[in-house]
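Reckoned from all heavy atoms, side chains included, excluding hydrogens, waters and symmetry mates.
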Amino acid sequence: MKKLKLGYAPTRRFVFSAEDAFKYKVLIREKIQNFGLDIDIVDLEGINSEGLLYDDNINADLIINRFKQEEVDAVFFPHCNFGTEDTVARVGKALGKPVLLWGPRDEAPLEDGMRLRDTQCGLFATGKVLRRFNVPFSYVTNTRVNDPVFERGFSNFISAANVVRQFRSLRILQIGPRPSSFWTMMCNEGELLERFGIELHPITLVDIQRATKRIENGKSSELAQAMDYIKEKLDWSEVTEEDVRRIAALKVAMKQYAQQTGSTAIAIQCWSALQEAMGIMPCLANAILTDEQIPVTCETDIHGAITSVMVQAAAMNEAPTFFADLTVRHPENANGELLFHCGNFPVSLSIENKPKLRKHFLFDDHAPGTHEGEIKGGGMTLARFDGDHGDYQLFLGKAKGIQGPYTRGSYVWVEVNDWPLWEEKLVKGPYVHHSVGIHANVIPALYEACSYIPGLSPDPVDPTESEIQAWLRGKGL
């Protein structure tokens, strides 16, 4: 995944101190470079003598052209003194990318009563003009450069912008139709394209079967590496060498198809035609690919694949997701729930040193290919993109791992703040029994990303919307 590109457009106004604006341009740039985020910064150096955005229409056109040529994914307009609101708005409008608005807190007036910057006043002005231009934007409270609130807000914006850029270029490899009995997995392909620009690339199970067979019969380095990974990371004593080879071949075939079609996620009809045609289950192949940041969802869950891409993007692609059924309530904990699937959770999340590669436990012919075992607990985000009747929402909630009974498949027991509330929200829709989890707090970033995706509403259950907004303003620091 290529780095996110941030357009850095510090702004000033002619009636305040140009020297102070230049000083803060440098300080802010140095600060965001020290936040440890893996981003590329495109600045204004060379466009004018100051490297600042100010009241000059020619400069506005040059800034727009530079950012377009560099293909920036988001733009940051730090107000280094009052700022030039009309030019900021024109640049933001022309680019159509996520916009961050912030400025460093003003110092006290000088002894003679003069003020050097009036940054806060300029932020009020720019916010209004951005609204006039219909430019959605994010805002971080007017704070000092070294204030943790600035770092929190800036980092969250970068994560949200990463979600938006990956959402806007989404193509999903669909392997087979949904299982006939899974009406919950219906989706409106045309509407996803029309509303969000999301493309599906469908192939048949015969296509993937043929590709897998070709790879299985070959001697490619990709196949050898996949087999070595399985043998190194898992206890495969319950299956044969031939099974390992076929599972590895399926993994390679799916990855090649994803790369060839420019797909960033996969939704596969995991049972039962594939099992009968190939003699294996795809669960472990799904798990390995998800660990490699190509999330694979079961039962041809297109909305689940969309969720997976959004969630891992919110974590800046630094942590794997896991795709789970919301299954049964904890036998003793009223707020506990089992997150489960047959065997598709990433191997890297397992609490065992060598989790088991096993035969599927639900089907009579017991095809091999499930990766079973409990995964680690701790804090996590659970999310679900879904919709019906033209209304799309993003469910968001936090959970933590807890102890619970052993069960087959890949699983983790979690506790939430109020399970009956969650259950009611999930049942009454527009959601289904599938969710995407990640061991990271990405709720504020996903919430913020929704403001840049017309037609998608955030639906947080815990924390609430007001709690997310308070967190972004610095609560809890």
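- The main-chain N or O of Glu448 is found under 3.5 Å from a side-chain atom of Ser451 such that the two form a donor-acceptor pair.
- A salt bridge does not link Lys359 to Glu238: none of the charged side-chain nitrogens sits closer than 4.0 Å to a carboxylate oxygen.
- A salt bridge does not link Glu216 with Arg245: every distance from a Lys NZ or Arg NE/NH1/NH2 to an Asp or Glu carboxylate oxygen is 4.0 Å or more.
- Across all their heavy atoms, Pro460 and Glu465 have their closest contact at CG-N, 3.9 Å.
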Report task. List the steps, then state whether side-chain contact (heavy atoms from CB on, under 4.5 Å) holds for Leu205 with Ile175. Result -> CA-CA 6 Å; Leu205 291 177; Ile175 304 177; 3.9 Å; yes
Query - Chi angles and distances behind the side-chain hydrogen bond (donor to acceptor under 3.5 Å, both in side chains) call for Ser138, Trp102 - result: CA-CA 9 Å; Ser138 300; Trp102 172 83; over 6 Å; no
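- Using a 30° and 60° split on the angle between ring planes, Phe385 and Tyr392 fall in the parallel class, below 30°.
- Remark: of the listed residues Glu222, Glu292, Gln225, Glu292 is the sole one forming a side-chain hydrogen bond (donor to acceptor under 3.5 Å, both in side chains) with Lys251.
- Annotation: Asn353, atom CG; neighbour count of heavy atoms from other residues, nucleotides and ligands within 6.0 Å does not exceed 12.
- Without hydrogens or angle criteria, Asn286 side chain to Cys298 main chain gives no donor-acceptor distance under 3.5 Å.
- For Pro177, the side chain to side chain contact (heavy atoms under 4.5 Å, CB included) partners two or more places apart in sequence, or in a different chain, are Gln269.
- Of all heavy-atom pairs spanning Ala367 and Met281, the tightest one is O-CG, 3.8 Å.
- A perpendicular orientation is assigned to the rings of Phe361 and Phe340, their planes being inclined by more than 60° (bins at 30° and 60°).
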Report task. For side-chain contact (heavy atoms from CB on, under 4.5 Å), just list the numbers for Ile453 and Met310, CA-CA rounded to whole Å, side-chain angles, deciding distance to a tenth of an Å, and then say yes or no. Result -> CA-CA 12 Å; Ile453 303 174; Met310 295 179 74; 4.3 Å; yes
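- Thr381 places a side-chain N or O within donor-acceptor distance of the main-chain N or O of Val442, the cut-off being under 3.5 Å.
- Annotation for Tyr257 and Ala211: closest pair CE1-CB, 3.9 Å, computed over non-hydrogen atoms.
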Query raised in the report: Going through the distances and angles, do Ser466 and Thr464 end up as a side-chain hydrogen bond (donor to acceptor under 3.5 Å, both in side chains)?
Result: CA-CA 5 Å; Ser466 61; Thr464 63; 3.2 Å; yes
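- Among all heavy-atom pairs drawn from Ala319 and Ile438, the shortest one is O-CD1, 3.7 Å.
- Taking the six-membered ring where the residue is Trp, His341 and Phe323 present parallel rings, their angle staying beneath 30° rather than reaching 60°.
- Checked by atom type and distance alone, the side chain of Gln209 pairs as donor or acceptor with a backbone atom of Ala277 at under 3.5 Å.
- Contact between Gly377 and Val412 at its shortest, heavy atoms only, is CA-CG2, 4.4 Å.
- Under the 3.5 Å distance criterion, with hydrogens and angles disregarded, no donor-acceptor pair is assigned to the side chains of Tyr406 and Glu374.
- A salt bridge links Lys356 with Asp235: the closest approach of a Lys/Arg side-chain nitrogen to an acidic carboxylate oxygen falls below 4.0 angstrom.
- The structure places OG of Ser435 at 10.0 Å from CG of Asp301, a figure rounded to the nearest 0.5 Å.
- At least one donor-acceptor pair closer than 3.5 Å links the side chain of Asp207 to the backbone N or O of Thr204.
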Query raised in the report: Are Asn156 and Ser159 close enough, and set up right, to give a side-chain hydrogen bond (donor to acceptor under 3.5 Å, both in side chains), and what steps lead you there?
Result: CA-CA 5 Å; Asn156 192 74; Ser159 294; 5.8 Å; no
**Report entry** Full working for side-chain hydrogen bond (donor to acceptor under 3.5 Å, both in side chains) between Asn417 and Trp422
**Finding:** CA-CA 9 Å; Asn417 66 322; Trp422 282 54; 2.9 Å; yes
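- Distance alone, capped at 3.5 Å, places no donor-acceptor pair between the Arg473 side chain and the Thr141 backbone.
- Summarising the geometry, atom CG belonging to Asp459 is positioned 7.5 Å from atom CG belonging to Leu396; distances are rounded to the nearest 0.5 Å.
- Each of Val436, Leu426, Val432, Leu394 was checked for a side chain to side chain contact (heavy atoms under 4.5 Å, CB included) with Arg384, and the lone residue meeting it is Val432.
- Between the side chain of Asp147 and the main chain of Val149, a donor-acceptor pair closer than 3.5 Å is present.
- Here Arg168 does not pair with Asp73 in a salt bridge; the nearest charged N to carboxylate O distance is not below 4.0 Å.
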Query raised in the report: side-chain contact (heavy atoms from CB on, under 4.5 Å) between Arg152 and Val140: does it pass, once the steps are laid out?
Result: CA-CA 9 Å; Arg152 175 182 285 189; Val140 177; over 6 Å; no
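- The shortest side-chain heavy-atom distance between Lys255 and Ile266 does not fall under the 4.5 Å cut-off.
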Requested in this report: With side-chain contact (heavy atoms from CB on, under 4.5 Å) as the test, would you mind laying out the steps for Leu326 and Glu337 before giving the verdict?
Outcome: CA-CA 7 Å; Leu326 297 161; Glu337 178 75 6; 3.9 Å; yes
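- The local environment of CD in Glu352 is crowded, with over 12 non-hydrogen atoms from other residues, nucleotides or ligands closer than 6.0 Å.
- Within the model, atoms CD1 of Ile203 and OG of Ser263 stand 9.0 Å from one another, a figure rounded to the nearest 0.5 Å.
- Annotation: side chain of Val309 is in contact with side chain of Pro295 (closest heavy-atom distance under 4.5 Å).
- A distance of 9.0 Å separates CZ in Arg171 from OG1 in Thr264, rounded to the nearest 0.5 Å.
- Using a 4.0 Å cut-off between charged nitrogen and carboxylate oxygen, Lys231 and Glu241 count as a salt-bridge pair.
- At a threshold of 4.5 Å between non-hydrogen side-chain atoms, the residues Arg195 and Asn188 do not count as touching.
- Ring centroid separation for the pair Trp271 and Phe182 comes in under the 6.0 Å cut-off.
- With hydrogens and angles ignored, the 3.5 Å screen pairs no side-chain donor or acceptor of His330 with any backbone N or O of Ile402.
- Although no hydrogens or angles enter the test, the distance criterion places no donor-acceptor pair under 3.5 Å between the side chain of Trp413 and the main chain of Leu339.
- Within a 6.0 Å sphere centred on NZ of Lys5, other residues, nucleotides and ligands contribute more than 12 heavy atoms.
- Contact record, Val252 with Ala226: CG2-CB, 4.1 Å, taken as the closest heavy-atom pair.
- Taking CG from Leu472 and OH from Tyr447, the interatomic distance works out to 8.5 Å, rounded to the nearest 0.5 Å.
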Query - From CA spacing to verdict: ring-ring contact (aromatic ring centres under 6.0 Å, His included), Phe154, Phe76 - result: CA-CA 9 Å; Phe154 181 85; Phe76 177 32; 5.4 Å; yes
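- One distance of note links CD1 of Ile208 with CD1 of Ile268; it measures 6.5 Å at 0.5 Å rounding.
- Side chain of Asn162 to backbone of Ala313: a donor-acceptor contact under 3.5 angstrom is found.
- The closest side-chain heavy-atom distance from Val244 to Leu357 is below 4.5 Å.
- By the 4.0 Å N-to-carboxylate-O rule, Lys3 lies close enough to Asp38 to be salt-bridged with it.
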